[in-house]
Amino acid sequence: WKNGYIFVKMEGVSPQSTNKGHRLVFHIGGVIPPYNTLRKYTQYFEKPIEIQAGNKNTVSVTTNVNALFNGKNPIRFSEISATMGGSKSMIVADNYADSLFSVQFLNR
């Protein structure tokens, strides 16, 4: 991509979309200011993670796709149904920094 990586790409349809064919196009990316969509995610654990030989150590990363649109900046497809960088992508990027991922460490 000419202005950086695409971090999230989602396409589909919604009756609320104002685009032809009710299309949804969300290509969230770019790292060039002022539209840098790179966000940092930090996961804190209640206790330190211990990796021990002989145990099955598993890291589980869960993605909540609804968080892209229902995070701290609720997205209405009637208002934003397409973005490929720029200010609208910044709104979605703030959502994925907030609650898109959850991480669990399983030690068995």
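Computed from a predicted structure; not experimentally measured. Each residue takes its place number in the sequence, starting with 1.
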> Hey, what else clusters with Tyr35 if you join Ile, Leu, Val, Met, Phe, Trp, Tyr whenever side-chain heavy atoms sit under 4.5 Å?
Replying inline: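 Direct or chained contacts put Tyr35 with Met90.
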
>> So, taking the atom named CD in Gln104 and the one named OG1 in Thr58, what distance separates them when rounded to the nearest 0.5 Å?
In response: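 The OG1 atom of Thr58 is 11.0 Å from CD of Gln104, to the nearest 0.5 Å.
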
> Any idea which heavy atoms bring Ala67 and Asn95 closest together, and the distance?
Replying inline: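 Of all heavy-atom pairs spanning Ala67 and Asn95, the closest is O-CB, 3.3 Å.
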
> If you take all heavy atoms of Ile51 and Asn57, which pair is closest and at what distance?
Replying inline: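 Shortest heavy-atom contact: CG2-ND2, 3.4 Å.
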
Can you give me every donor-acceptor pair (side chain of residues 74-82, partner residue at least two apart or in another chain, under 3.5 Å) with its distance?
| from | atom 1 | to | atom 2 | distance (Å) |
| --- | --- | --- | --- | --- |
| Ser81 | OG | Ser17 | OG | 3.4 |
| Ser81 | OG | Asn19 | ND2 | 3.1 |

> Is there a side chain to side chain contact (heavy atoms under 4.5 Å, CB included) between Val13 and Leu24 once you walk through the steps?
Replying inline: CA-CA 5 Å; Val13 294; Leu24 298 173; 5.8 Å; no

> Will you find, in the side chains of Thr37 and Ser89, an N or O donor that is under 3.5 Å from an N or O acceptor?
Replying inline: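 Distance-only check fails for Thr37 and Ser89.
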
Taking the side chain as every heavy atom from C-beta outward, state whether [X] and [Y] have any atom pair closer than 4.5 Å.
X	Y	answer
Ile28	Thr83	yes
Phe105	Val59	yes
Phe7	Val31	yes

> Is there a side chain to side chain contact (heavy atoms under 4.5 Å, CB included) between Leu68 and Leu100 once you walk through the steps?
Replying inline: CA-CA 7 Å; Leu68 289 172; Leu100 181 62; 4.0 Å; yes

> Which salt bridge (charged side-chain N to carboxylate O under 4.0 Å, His left out) pairs, counting each pair once, include a residue from residues 7-30, with sequence neighbours left out?
Replying inline: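 Listed once each, the pairs are Glu11-Arg23.
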
> According to the salt bridge (charged side-chain N to carboxylate O under 4.0 Å, His left out) rule, which pairs have a member within residues 39-50, sequence neighbours left out?
Replying inline: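 Checked against salt bridge (charged side-chain N to carboxylate O under 4.0 Å, His left out) - neighbours excluded - the pairs reaching residues 39-50 are Arg39-Asp94.
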
>> Side-chain heavy atoms nearer than 4.5 Å, only ILVMFWY residues, links allowed to pass through others: does that put Tyr5 and Phe26 together?
In response: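 Tyr5 and Phe26: one cluster.
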
> Are the ring centres of Tyr96 and Phe101 closer than 6.0 Å?
Replying inline: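 No - the distance between ring centres of Tyr96 and Phe101 does not fall below the 6.0 Å cut-off.
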
